[in-house]
A.B. asks: 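Quick one: this structure, given as structure tokens, is what I'll be asking you about.
Both ligands and their constituent atoms are indexed starting at 1 by order of listing.
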Amino acid sequence: MIHLGLDLGEDVAFANVERLVSRAATHGQFVRMDMEESARVDATLRIYRRLREAGHENVGTVLQAYLYRSERDLRELLPIGSNLRLVKGAYLEPPDVAFPKKADVDRNFFKLIALSLTEGRYTAIATHDDRIIERSIAFIDERRIAGDRFEFQMLYGVRPGLQRDLVRRGYRVLVATPYGEDWYPYFMRRLAERPANVLFFVRNLFRR
Ligand SMILES: Cc1cc2nc3c(=O)[nH]c(=O)nc-3n(C[C@H](O)[C@H](O)[C@H](O)COP(=O)(O)OP(=O)(O)OC[C@H]3O[C@@H](n4cnc5c(N)ncnc54)[C@H](O)[C@@H]3O)c2cc1C
């Protein structure tokens, strides 16, 4: 949202996103609004709601499992038929807004996935964590959730073997791929958000 003018005001960002979403619809495309730092969550969700209320169906956003507020946000978004991507969360957040412990983030992540799937909402499970993926698959099998109600999402270049394996097993997998002239600053920003990503990236170049 930062790139679409959020810091210039919500109306500016809304107008820019709406143009994009409307144009995407004419090409049968879907637009996902990424979620940034916790300070921007309220504004992003308000813009998302406005888009849905304006009748745009081809738009979704993201909820981050590390935020305490995300379960409430999910429950509030369920009635508007949301299409949400669920992630652990990528930014360094203080303990008054986010679970400091990874185990709590993982627990909350699965809780959000199970809730969204149970409520029949299209759920994008964005993670490279194979334990969460297998747990989600077990839940999906147990509840007989149809294959067109969810998808897995991963980043280009991260766990490509796992991506292929899921496709072979018949699951939908979206591979998020930065492209265009400005891919390098984007990539460096992703690494800078979380220095551990540098190590992950190098390790996963060689991992299936
Ligand atoms: C498609 C997609 C969209 C996303 N959109 C957002 C968003 O809008 N807002 C937001 O806050 N976050 C977003 N994220 C990032 C997300 O919040 C996590 O920070 C990121 O996915 C790492 O967490 P994980 O679930 O893979 O689990 P982790 O427990 O962090 O990682 C599990 C394993 O995956 C591998 N791995 C994880 N990340 C990387 C990496 N970057 N490079 C190499 N290996 C890695 C490692 O082997 C690690 O052990 C997105 C992630 C994906 C896949």
A.B. asks: Does ligand 1 have a heavy atom under 4.0 Å from the side chain of T127, from its backbone, from both, or from neither?
C.D. replies: both
A.B. asks: Of all residues at least two apart in sequence or in a different chain, which pass the side-chain hydrogen bond (donor to acceptor under 3.5 Å, both in side chains) check with R172?
C.D. replies: Y122
A.B. asks: So is there a nitrogen or oxygen of Y66 less than 3.5 Å from a nitrogen or oxygen in ligand 1?
C.D. replies: no
A.B. asks: Give a yes/no on ligand 1: does R85 have at least one heavy atom closer than 4.0 angstrom to it?
C.D. replies: yes
A.B. asks: Check R159 with D165, please: is the shortest side-chain N to carboxylate O separation under 4.0 Å?
C.D. replies: no
A.B. asks: Going by the order shown, which atoms of ligand 1 are within less than 4.0 Å of some heavy atom of Q64?
C.D. replies: 9 (N), 10 (C), 11 (O)
A.B. asks: Output the list of atoms in ligand 1 that are nearer than 4.0 Å to some heavy atom of M154, sorted by atom number.
C.D. replies: 53 (C)
A.B. asks: With hydrophobic residues grouped by side-chain heavy-atom distances under 4.5 Å, do L174 and L117 end up in a single group?
C.D. replies: no
A.B. asks: Quick one: which ligand 1 atoms are inside 4.0 Å of a heavy atom on D34?
C.D. replies: 8 (O)
A.B. asks: Give a yes or no on whether a salt bridge exists between E53 and R50, defined as a side-chain N under 4.0 angstrom from a carboxylate O.
C.D. replies: no
A.B. asks: Quick one: does A90 get an N or O within less than 3.5 Å of an N or O on ligand 1?
C.D. replies: yes
A.B. asks: Could you check whether D104 pairs with K111 (Lys NZ or Arg NE/NH1/NH2 to Asp/Glu carboxylate O, under 4.0 Å)?
C.D. replies: no
A.B. asks: With nothing but distance in play, are any N or O atoms of M35 less than 3.5 Å from an N or O of ligand 1?
C.D. replies: yes
A.B. asks: Examine Y91 against ligand 1 and note whether any of their N/O atoms are separated by less than 3.5 Å.
C.D. replies: no
A.B. asks: Answer yes or no: does an N/O atom from G89 fall short of 3.5 Å to an N/O atom of ligand 1?
C.D. replies: yes
A.B. asks: Flag yes if I80 and V21 sit in one hydrophobic cluster, no otherwise; membership is Ile, Leu, Val, Met, Phe, Trp, Tyr, and two members link when side-chain heavy atoms are under 4.5 Å apart.
C.D. replies: yes
A.B. asks: Examine F30 and F152 and state if one hydrophobic cluster contains both, with Ile, Leu, Val, Met, Phe, Trp and Tyr joined whenever side-chain heavy atoms are less than 4.5 Å apart.
C.D. replies: no
A.B. asks: Parallel under 30°, tilted from 30 to 60°, perpendicular over 60°: which one fits the rings of F150 and Y171?
C.D. replies: tilted
A.B. asks: Just let me know how V62 lines up against ligand 1, side chain, backbone, both or neither, with a heavy-atom cut-off below 4.0 Å.
C.D. replies: side chain
A.B. asks: By number and element, which atoms of ligand 1 are closer than 4.0 Å to a non-hydrogen atom of A176?
C.D. replies: 1 (C)
A.B. asks: Run the numbers for me: atoms of ligand 1, each under 4.0 Å from some heavy atom of L155, listed by number.
C.D. replies: 2 (C), 52 (C), 53 (C)
A.B. asks: With a cutoff of 4.0 Å, is K102 in contact with ligand 1, counting heavy atoms of the residue only?
C.D. replies: yes
A.B. asks: Using a strict cut-off of less than 4.0 Å between a Lys/Arg side-chain nitrogen and an Asp/Glu carboxylate oxygen, indicate whether E10 and R49 qualify as a salt bridge.
C.D. replies: no
A.B. asks: Taking the minimum heavy-atom distance to atom 26 (O) of ligand 1, which of Q153, H128, R159, E93 ranks first?
C.D. replies: H128
A.B. asks: Name all pairs fulfilling the ring-ring contact (aromatic ring centres under 6.0 Å, His included) condition that reach into residues 50-77, sequence neighbours left out, sorted by first residue then second.
C.D. replies: Y68-F99
